[in-house]
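Have a look at the structure below, then the notes.
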Amino acid sequence: MSFNTLEDLEVYKRAFVLLDLIWQEVSSWKDFFARDTIERQLVRAADSIDANIAEGYGRFHFKENKNFCYYSRGSLLETKGFIKKCKVRGFISSEKADFILDELTQIHKMLNAYIAYIGRQKNEL
């Protein structure tokens, strides 16, 4: 398995697509309070998932790459929490929230596999 560019990373591509879906969903909210509170935090957390993968990839050092992937994983779990809150509070339909949560779970698994891959690559050098 080789990743010549960031865009070769399936976990990065999949996160990017999902985060755009989240952005489209929340940008349609009309409630000012929801937009001012949960939307801002949700979008920041969601945007951090792929951003941290990209930053780690660009560091070219195994330990830093893994650390940024850990930050990405933290942002992913934070995003999951906000999606659950949005579902409970009625900001996102149950169907849409469940789809997003399922995608986040798959991205989480892919991210864990990528972190393990980074560790194996370091040990092979």
Side-chain angles (χ1 to χ4, degrees):
M1 182 181 326
S2 166
F3 306 110
N4 296 322
T5 68
L6 177 63
E7 288 74 23
D8 290 334
L9 284 175
E10 192 62 35
V11 65
Y12 173 80
K13 292 189 291 189
R14 194 160 177 178
F16 189 88
V17 168
L18 181 63
L19 306 175
D20 189 51
L21 173 70
I22 292 171
W23 171 258
Q24 290 174 20
E25 182 68 28
V26 300
S27 65
S28 67
W29 293 355
K30 303 293 184 219
D31 182 289
F32 174 77
F33 184 73
R35 291 192 71 135
D36 192 48
T37 55
I38 198 165
E39 177 192 353
R40 287 174 187 248
Q41 292 178 291
L42 170 58
V43 169
R44 284 184 184 147
D47 281 349
S48 290
I49 298 169
D50 68 323
N52 280 307
I53 294 170
E55 187 163 356
Y57 183 88
R59 295 294 177 122
F60 294 109
H61 187 273
F62 296 110
K63 186 175 180 180
E64 282 187 296
N65 192 357
K66 280 179 81 169
N67 281 338
F68 277 95
C69 286
Y70 293 142
Y71 302 147
S72 179
R73 190 168 58 190
S75 294
L76 186 148
L77 292 171
E78 182 181 7
T79 301
K80 272 184 146 180
F82 281 123
I83 294 296
K84 289 175 185 178
K85 288 175 189 172
C86 289
K87 178 180 175 180
V88 167
R89 295 174 185 172
F91 296 131
I92 297 178
S93 71
S94 289
E95 296 80 19
K96 181 79 66 137
D98 290 343
F99 174 79
I100 292 170
L101 290 169
D102 287 344
E103 281 296 300
L104 286 166
T105 297
Q106 292 307 310
I107 293 167
H108 191 170
K109 290 176 184 176
M110 294 171 77
L111 187 55
N112 285 340
Y114 180 53
I115 290 168
Y117 168 80
I118 295 167
R120 285 192 306 275
Q121 292 305 301
K122 178 184 177 193
N123 293 334
E124 289 178 10
L125 291 179

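None of the values given here were measured: they were computed from a predicted structure.
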Check: residues 77-92 side-chain donor-acceptor pairs under 3.5 Å, at least two apart:
from	atom 1	to	atom 2	distance (Å)
T79	OG1	A46	N	3.2
T79	OG1	S75	O	2.8
K80	NZ	T105	OG1	3.0
K87	NZ	D98	OD1	2.6

> In Å, rounded to the nearest 0.5 Å, how long is the span from CD of E103 to CG of L19?
Replying inline: 10.5 Å
> Who passes side-chain hydrogen bond (donor to acceptor under 3.5 Å, both in side chains) against E64, sequence neighbours left out?
Replying inline: R59
> What distance do L76 atom CG and C69 atom SG have between them, rounded to the nearest 0.5 Å?
Replying inline: 11.5 Å
> So, for S72 and I49, which heavy atoms are closest and what is the spacing to 0.1 Å?
Replying inline: OG-O, 2.7 Å
> Below 4.5 Å, heavy atoms only, C-beta onward: do D50 and L18 meet side chain to side chain?
Replying inline: no
> Linking Ile, Leu, Val, Met, Phe, Trp and Tyr through side-chain heavy atoms less than 4.5 Å apart, which residues share a cluster with F68?
Replying inline: Y71
>> Once side chain to side chain contact (heavy atoms under 4.5 Å, CB included) is applied, do any residues pair with A54, and if so which ones, sequence neighbours excluded?
In response: L6, Y12
>> Under 4.5 Å between side-chain heavy atoms, counting indirect links through other Ile/Leu/Val/Met/Phe/Trp/Tyr residues: same cluster for V17 and L21 or not?
In response: no
> Please, which pairs that meet side-chain hydrogen bond (donor to acceptor under 3.5 Å, both in side chains) have at least one residue in residues 18-27, sequence neighbours excluded?
Replying inline: D20-Q24, E25-K96
> Can you list the residues that meet the side-chain hydrogen bond (donor to acceptor under 3.5 Å, both in side chains) rule with D102, with sequence neighbours excluded?
Replying inline: none
> Residues in side-chain hydrogen bond (donor to acceptor under 3.5 Å, both in side chains) with N52, at least two apart?
Replying inline: none
> Can you name the residues that form a side chain to side chain contact (heavy atoms under 4.5 Å, CB included) with Q106, not counting sequence neighbours?
Replying inline: R14, K109
> Can you check whether I38 reaches W29 side chain to side chain, under 4.5 Å on heavy atoms?
Replying inline: yes
>> Main chain of E10, side chain of Y114: is a donor-acceptor contact present, judged purely on distance under 3.5 Å?
In response: no
> How many angstroms lie between atom CD of E7 and atom CG of L9, to the nearest 0.5 angstrom?
Replying inline: 8.5 Å
>> Run the side chain to side chain contact (heavy atoms under 4.5 Å, CB included) test against Y70 and tell me which residues pass, sequence neighbours left out.
In response: K66, N67, R73, I115
> What residues form a side chain to side chain contact (heavy atoms under 4.5 Å, CB included) with F33, not counting sequence neighbours?
Replying inline: D31, T37
> Under the ring-ring contact (aromatic ring centres under 6.0 Å, His included) rule, what pairs show up with a residue in residues 37-56, not counting sequence neighbours?
Replying inline: none
> Sequence neighbours excluded, which residues qualify as side-chain hydrogen bond (donor to acceptor under 3.5 Å, both in side chains) partners of R44?
Replying inline: none
